[in-house]
Amino acid sequence: ARAWRGIVEEYRDRLPVTANTPVVTLLEGGTPLVPATRVSELTGCEVYLKVEGLNPTGSFKDRGMTMAISKAAEDGAKAVICASTGNTSASAAAYAVRAGMTCAVLVPRGKIAMGKLAQALVHGARLLQVDGNFDDCLELARKLSIDYPVALVNSVNPYRLQGQKTASFEIVDALGDAPDVHCLPVGNAGNITAYWMGYQEYHSDGRSTRLPRMFGFQASGAAPIVNGAPVTQPRTIATAIRIGNPASWQFAEKARDESGGRIDSVTDRQILSAYRLLAGQEGVFVELASAASVAGLLQAVEAGQIARGSRVVCTVTGNGLKDPDWALAGASSAVTIPVDAQAAAAALGLA
Ligand code: F0G
């Protein structure tokens, strides 16, 4: 076995790069597809988790960012800009460092997880906290990229989705075929669009015999696609997907319709419960937004929308360490003891 080389080198022939593209990489991708024993038991399905929190900056955004920053470097860009609920900015900041570019990020004030804020800052990004939501930030970032010499690296940048489609390739490579169903959280709707592109590309090249049904899940307080109208004041504890007017809205609907899938909503309560299930019974610590995929799967099986026995992949998009507040909130408080084995044994109920 040889070492993983990052998604651009691993899938070079399927990506819009040339010999002249300077590849800016942190060796992203190659993430594990972990069998989810407990979720499989609960659903009667064969469930796998695509653990994207194990990418270099802790989310799937790195797949898209290696492409976006490499292409920006090829074009001679000196600066990049993005709007973000936290993960895109963390990734952009890290890849900009490697490319020797400056990075500006616009985030909704008070609505991004502390770990993500720390990432943007430690990588030296120029961070602007905007008095508005993500949708406002994206509008500002777009305007700035038109009026000033800064390249926009949000998922409206087509190279982002090209990079992100490689997750589907990895899943088919690992399973030997596409799954029956793919579940993932939906925010700005770029990732569901990218996965569907990836599955279709592999299928039309004969690398899989089937296409999965795509199931996307929004938080119920931020569910514009489900409601059929933008949400002006999106609300959810899953701040990563607190988005009221997704940029790739139509592409997400296309993925849903072409694949015979669904886009549905799950409540914050369902998200929190799936988050605790993944951490407490699968040993996989994800961030809240990521748990929407599993919350959605449980709901869809219950509603008879996904047949028992199906092979299902849930993408868990980001690492739980980015937002430890929610883990601490639900945990029983730690017990303090002196340096004493008997006291420890008593506290642990061993004695
Ligand atoms: N999960 C996580 C952890 C995310 O950070 C995001 C998006 C999504 C799911 C939804 O993916 O937008 O492609 O539908 N985060 C963006 C950001 C918006 O700025 O980091 P999507």
Heavy-atom check, side chain of I243 versus side chain of D135, under 4.5 Å: yes

Salt bridge D180-R213, side-chain N to carboxylate O under 4.0 Å: no

Shortest non-hydrogen separation from I81 to A141 and the atoms involved: CG2-O, 4.1 Å

Q250 CD: over 12 foreign heavy atoms closer than 6.0 Å: no

L49 side chain reached by V294 side chain, heavy atoms, under 4.5 Å: yes

Donor-acceptor contact present, side-chain S168 to main-chain Y195, <3.5 Å: yes

Which side-chain N or O atoms in residues 90-102 pair as donor and acceptor under 3.5 Å with protein atoms at least two apart or in another chain?
from, atom 1, to, atom 2, distance (Å)
S91, OG, D62, OD1, 2.6
Y95, OH, E28, OE1, 2.7
R98, NE, T25, O, 3.0

Q164 and K61: side chain donor to acceptor below 3.5 Å: no

Cationic N near anionic O, under 4.0 Å, R12 to E9: yes

Minimum-distance pair of heavy atoms, taken over all atoms of T232 and N133: O-ND2, 3.2 Å

Between E74 and T21, a side-chain donor and acceptor under 3.5 Å: yes

CZ/R210: more than 12 non-hydrogen atoms of other groups inside 6.0 Å: yes

Expected output: side-chain D340 to main-chain Q342 donor-acceptor under 3.5 Å: yes

Qualifying residues under side-chain contact (heavy atoms from CB on, under 4.5 Å), relative to T31, sequence neighbours excluded: K50, E52, N55, R63, E170

Residue pair A252 / A189: nearest heavy atoms and the distance that separates them: CB-CB, 3.7 Å

Salt-bridge criterion met for D264 and R262 (N-O under 4.0 Å): yes

Close side-chain approach of L161 and S155, heavy atoms under 4.5 Å: yes

Under 3.5 Å donor-acceptor, R308 side chain and T43 backbone: yes

Donor-acceptor pair, side chain of D268 and main chain of I237, under 3.5 angstrom: yes

Residues in salt bridge (Lys or Arg N to Asp or Glu O under 4.0 Å) contact with R235, at least two apart in sequence or another chain: none

Donor-acceptor pair, side chain of Q270 and main chain of A292, under 3.5 angstrom: no

Pair N157, K71: side-chain N/O donor-acceptor within cut-off below 3.5 Å: no

Minimum heavy-atom distance between A247 and V156, given as atom pair plus value: CB-CG1, 3.5 Å

Test item: Q218 side-chain N/O and I225 main-chain N/O as donor-acceptor pair under 3.5 Å: yes

Side chain to side chain, V301 and C45, heavy atoms closer than 4.5 Å: yes

All pairs passing ring pair (Phe, Tyr, Trp, His ring centres under 6.0 Å) where residues 203-254 contributes a residue, at least two apart: none

Residue pairs fulfilling ring pair (Phe, Tyr, Trp, His ring centres under 6.0 Å) with at least one residue in residues 17-70, sequence neighbours excluded: none

Enclosure of E139 CD (heavy-atom neighbours >12, cutoff 6.0 Å): no

No-hydrogen, no-angle side-chain donor-acceptor test under 3.5 Å, T317 and S290: yes

Ignoring hydrogens and angles, write down the donor-acceptor pairs under 3.5 Å from the side chains of residues 171-179, residues two or more places apart or on other chains.
from, atom 1, to, atom 2, distance (Å)
D173, OD1, Y202, OH, 2.9
D173, OD2, Y11, OH, 2.8
D173, OD2, Y202, OH, 3.1
D177, OD1, T209, N, 2.9
D177, OD2, T209, OG1, 2.5

Validation row: Q129, L127 side chains within 4.5 angstrom (heavy atoms): yes

Residues E287, K322: salt bridge by 4.0 Å N-O rule: no

Q281 vs R38, side chain to side chain donor-acceptor pair (under 3.5 Å): CA-CA, chis, key distance, verdict: CA-CA 7 Å; Q281 300 197 48; R38 183 68 186 133; 2.8 Å; yes

Donor-acceptor contact below 3.5 Å, side chain S40 vs main chain A36: yes

Stepwise side chain to side chain donor-acceptor pair (under 3.5 Å) test for E258 and Q200: CA-CA 10 Å; E258 289 176 358; Q200 284 182 302; 3.3 Å; yes

